[in-house]
Amino acid sequence: MSSAAKQSHAFDLAQVRKEFPILDQQVHGKPLVFLDSAASSQKPRAVIDAMAEFQRRDYANIHRGVYQLSQRATNAFEAARERVRGFLGAAETREIIFTRGTTEAINLVAATFGRERVGPGDEVLITHMEHHSNIVPWQMLCREKGATLRVVPIDDRGVLDLEALDDLLGARTRILAVTHVSNALGTVNPIAEIVAMAHAKGVPVLVDGAQAAPHMAIDVQELGCDFYAFSSHKVFGPSGVGALYGRAEHLEAMPPYQGGGEMILSVTFDETIYADIPHKFEAGTPDITGVVGLGAALAWVEATGLDAIAEHEHALLAYGTEALSEVAGLRLIGTAPHKAGVLSFVLDSAHAHDIGTILDQEGVAVRTGHHCAQPVMDRFSVPATARASLAAYNDRSDIDALVRALHSVNEMFA
Ligand code: PMP
């Protein structure tokens, strides 16, 4: 278990809410009800302060400076890497690569590991519930290589068909890329089981953890996956930064992703010798302050306790599911038995975009649209959904405000 999972905490919701200064405001004259954390979560004071303090006191470029500021900045940057390692339960810090986020992490694997492994006639396997960022890089790779993208189906609840998955894992499957939690449906996939099925057939697995990281304890060694990607901005940290875990043996064998400074040991016009992992994959000056902010965010999550956060959100999801069932003409999209804090729905009375606009007038922020998962919308024959998504700082009054606002949508369109 990762260190976040091992601790047990009392969850003080009122205190947690106070730690997010942005929540204390009104929009359109109504108290802000923020229910769009699956798109991006808000930031606790600990993160805002850590980033400001770092810029005020310790900022310099990292890794190359002999002077004190550069060493302090390097130490802060590398301490964040160690924190990510602990957060993911990885064995070694050199297995953690900083990226711009989940999207870049997946592109990195597709462009290096994928490009080396996949050839004409091969197959890449994904699922029907993937975010576009876990579809398009693989589609591009398949186009380039003359390979085929295969898709594991989901049922009417949004549950992955594991029998079909097993059948689709074939002799030509070179990689399986699967989301841990669906951003459009909330489904939590049984990753350890899926990895075991894939590995039994010699297929490596990349897990898109963008929606899992804020909600549940992750242990990549227990999951057994080969790669795991997540974004800082969904786990209470800044945007523009994220991390990729990769097994050391894969990372060592993979070619670099981008060339440039920081990723080399030596350069002549004839030859470049690459740096060891993880630096081989970190060309150019990174988002130094962002990485420090990510470290502070994970420290906040650990101090709050992912186990306690998960328990709180689970109870809130149950409350929200029940409360939404009382809104006339509402259909939930995504009713898997094992879900994380996503309530995606359509209303008979109004289009998702109209719902979003009216809710905004009531101070309620939800996302509307296809949620970068158009194949999921197609699967459920809807053009778009409205999505309320939960985070550690939400409470029952947020759900109550959502339900009240949905009743007024119904009245308006009656
Ligand atoms: N995968 C999933 C499941 C997501 O929800 C998201 C963000 N909506 C991404 C990938 C992409 O993350 P990012 O935009 O931070 O790279």
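As the structure is a prediction and not an experimental result, all values here were calculated from the model. Whatever order the structure lists ligands and atoms in, that order sets their numbers, starting from 1.
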>> Salt bridge or not between E19 and K43? Use side-chain N to carboxylate O under 4.0 Å.
In response: no
>> In the structure I gave you, are the side-chain heavy atoms of D161 and I154 within less than 4.5 Å of one another anywhere?
In response: no
> Would you say C372 touches ligand 1, if touching means a heavy atom closer than 4.0 Å?
Replying inline: no
>> Using the rule ring-ring contact (aromatic ring centres under 6.0 Å, His included), only one of F281, F227, Y257 pairs with F113; which is it?
In response: F227
> Got the closest protein heavy atom to atom 14 (O) of ligand 1, with its distance?
Replying inline: T103 OG1, 3.7 Å
>> If the threshold is 4.0 Å, N to carboxylate O, is there a salt bridge linking R172 and E123?
In response: no
> For ligand 1, which atoms have a heavy atom of A210 less than 4.0 angstrom away?
Replying inline: 1 (N), 2 (C), 4 (C), 6 (C), 9 (C), 10 (C)
>> Looking only at protein heavy atoms, which one is nearest to atom 10 (C) of ligand 1, and what is the separation?
In response: S133 OG, 3.0 Å
>> Can you tell me if K234 contacts ligand 1 (heavy atom of the residue under 4.0 Å from the ligand)?
In response: yes
> Regarding R17 and the six-membered ring of Y393, is the cationic atom NZ or CZ under 6.0 Å from the ring centre and inside 45° of its axis?
Replying inline: no
> Hey, which atoms in ligand 1 end up nearer than 4.0 Å to a heavy atom of H233?
Replying inline: 13 (P), 15 (O)
> In ligand 1, which numbered atoms sit nearer than 4.0 Å to a non-hydrogen atom of S231?
Replying inline: 12 (O), 13 (P), 15 (O), 16 (O)
>> Tell me whether ligand 1 is touched by D208 - counting only heavy atoms on the residue side and a distance under 4.0 Å.
In response: yes
> Should the pair R117-D122 be classified as a salt bridge under the 4.0 Å nitrogen-to-oxygen rule?
Replying inline: no
> Under 3.5 Å, N or O to N or O, is Q211 touching ligand 1 that way?
Replying inline: yes
> Looking at F87, F236, Y245, which one forms a ring-ring contact (aromatic ring centres under 6.0 Å, His included) with F230?
Replying inline: F87
>> Using a 4.0 Å heavy-atom cut-off, which part of T102 comes near ligand 1: side chain, backbone, both, or neither?
In response: both
> What residue and heavy atom of the protein are closest to atom 4 (C) of ligand 1, and at what distance?
Replying inline: H131 CD2, 3.4 Å
> Can K18 and D24 be counted as an ion pair, charged N to O under 4.0 angstrom?
Replying inline: no
>> Within the 4.0 Å heavy-atom shell around T179, which atoms of ligand 1 are there?
In response: 3 (C)
>> Looking at E92 and R81, is there a salt bridge between them, counting it only when a charged N and a carboxylate O are closer than 4.0 Å?
In response: no
> Should you measure from each heavy atom of N183, which atoms of ligand 1 turn up under 4.0 Å away?
Replying inline: 5 (O)
